[in-house]
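Remarks on the structure that follows.
In each ligand, atom 1 is the first atom listed, and ligand 1 is the first ligand listed. Everything numeric here is computed off the predicted structure, so don't read it as measured data.
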Amino acid sequence: MSVSITRRFALVLFAATVVAAALPAPAVAQERTVNDGVYTDAQATRGRAAYRAQCAACHATNLFGGEMAPGLKGSGFTGGWSGATLWELADFTNATMPQDAPGRLTAQELNDIIAYILRENDYPEGAEELAIDLANQGDPIRIE
Ligand code: HEC
């Protein structure tokens, strides 16, 4: 008696497994990370010029910060943002930086400067430019 129930249960379980395996994987949003090459080298070089003009006075030319502001380079910075998305970093930066004149960055400058910060933190470059749209979070790019 108990043997046949167990066997029937095993059969049902087996059938469920077969069905599950045959179903297509659910469509999940394509999630990338900063290690997937999400900016170009040329973009980061443009970002370096914008960074030097608008950010370096406080965050230092080498991005390590100082008395005026925290660093934007190294594990102290990347660790603090780990798990957040690049969109969140861009949104924060756009809303609060440069601290003496927030909201001044164009969308292009914002993307270029973030590309530069990624390059300075040794995240790999890729084939396509970073193009974060503050009005639309889109597919997340996770900071790690
Ligand atoms: C007038 C000085 C000043 C300028 C210019 C400035 N910042 Fe900042 N920044 C700060 C200070 C102070 C903080 C720390 C307080 C805070 O987080 O709001 C900060 C924090 C930040 C943070 C968060 C750091 C962290 O550890 O999470 C980012 C990112 C940032 N700034 C980016 C920029 C960028 C990009 C620019 C140039 C477009 C810029 N800042 C220009 C003073 C400045």
Side-chain angles (χ1 to χ4, degrees), residues 5-144:
I5 287 175
T6 307
R7 196 176 289 164
R8 210 172 298 158
F9 177 71
L11 251 179
V12 169
L13 197 68
F14 174 72
T17 309
V18 169
V19 169
L23 288 173
V28 289
Q30 174 80 41
E31 179 162 318
R32 292 176 294 164
T33 78
V34 286
N35 282 305
D36 290 329
V38 297
Y39 69 90
T40 69
D41 194 46
Q43 180 178 29
T45 299
R46 282 201 312 267
R48 181 175 61 192
Y51 175 87
R52 288 189 174 167
Q54 310 215 44
C55 320
C58 297
H59 290 281
T61 307
N62 64 11
L63 283 79
F64 281 121
E67 283 174 19
M68 299 285 285
L72 303 178
K73 183 171 177 172
S75 57
F77 172 69
T78 55
W81 283 92
S82 176
T85 66
L86 276 191
W87 187 92
E88 287 164 338
L89 174 62
D91 189 47
F92 168 85
T93 303
N94 180 63
T96 63
M97 297 292 144
Q99 206 193 37
D100 49 354
R104 189 172 67 187
L105 296 174
T106 65
Q108 187 69 62
E109 286 171 334
L110 182 62
N111 275 284
D112 293 353
I113 289 172
I114 289 177
Y116 176 57
I117 292 173
L118 291 176
R119 189 172 74 183
E120 284 292 305
N121 281 286
D122 294 329
Y123 293 115
E125 64 183 77
E128 277 183 40
E129 293 205 345
L130 182 67
I132 293 171
D133 176 2
L134 288 179
N136 172 16
Q137 290 204 39
D139 292 340
I141 302 172
R142 197 70 61 188
I143 299 169
E144 57 177 25

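Minimum heavy-atom separation, Pro124 to Val34: CD-O, 3.8 Å. Pro102 and Thr96 get closest at one heavy-atom pair: CB-C, 3.7 Å. Of all the heavy atoms in Trp81 and Ile143, the pair that sits closest is O-CB, 3.5 Å. Considering all non-hydrogen atoms of both residues, Tyr39 and Arg119 come closest at OH-CA, 3.2 Å.
Less than 4.0 angstrom separates some heavy atom of Leu105 from each of these atoms of ligand 1: 38 (C). Residue-ligand proximity, Met68 to ligand 1, at heavy-atom distances under 4.0 Å covers atoms 12 (C). In summary, the atoms of ligand 1 found under 4.0 Å from a heavy atom of Gln54, numbered by their order in the structure, are 5 (C), 37 (C), 41 (C).
Of all the heavy atoms of Tyr51, none lies under 4.0 Å from any atom of ligand 1, so neither backbone nor side chain is involved.
Annotation: ring-ring contact (aromatic ring centres under 6.0 Å, His included) contacts involving residues 104-123, sequence neighbours excluded, comprise Tyr51-Tyr116.
Protein heavy atom nearest atom 23 (C) of ligand 1, with residue, atom name and distance: Phe92 CE2, 3.4 Å. Atom 26 (O) of ligand 1 has its closest protein heavy atom at Phe77 CD1, 3.9 Å.
Between Glu144 and Asn35, the side chains place a donor N or O and an acceptor N or O closer than 3.5 Å (distance only, hydrogens not considered).
Distances under 2.8 Å from atom 8 (Fe) of ligand 1 pick out the protein N/O/S atoms His59 NE2, Met97 SD.
With Asn94 contributing its side chain and Gly103 its backbone, the two residues share no donor-acceptor pair below 3.5 Å. Remark: side-chain polar atoms of Asn121 are paired, donor with acceptor, to backbone N or O of Ile117 under 3.5 angstrom.
Atom CD of Gln108 has more than 12 neighbouring heavy atoms from other residues, nucleotides or ligands inside a 6.0 Å radius.
Contact between Leu89 and ligand 1 is present, with at least one heavy atom of the residue lying under 4.0 Å from the ligand.
In this structure the side chain of His59 never reaches within 4.5 angstrom of the side chain of Gln99, judged on heavy atoms.
Checked against a 3.5 angstrom limit, the closest N/O atoms of Trp81 and ligand 1 fall inside it.
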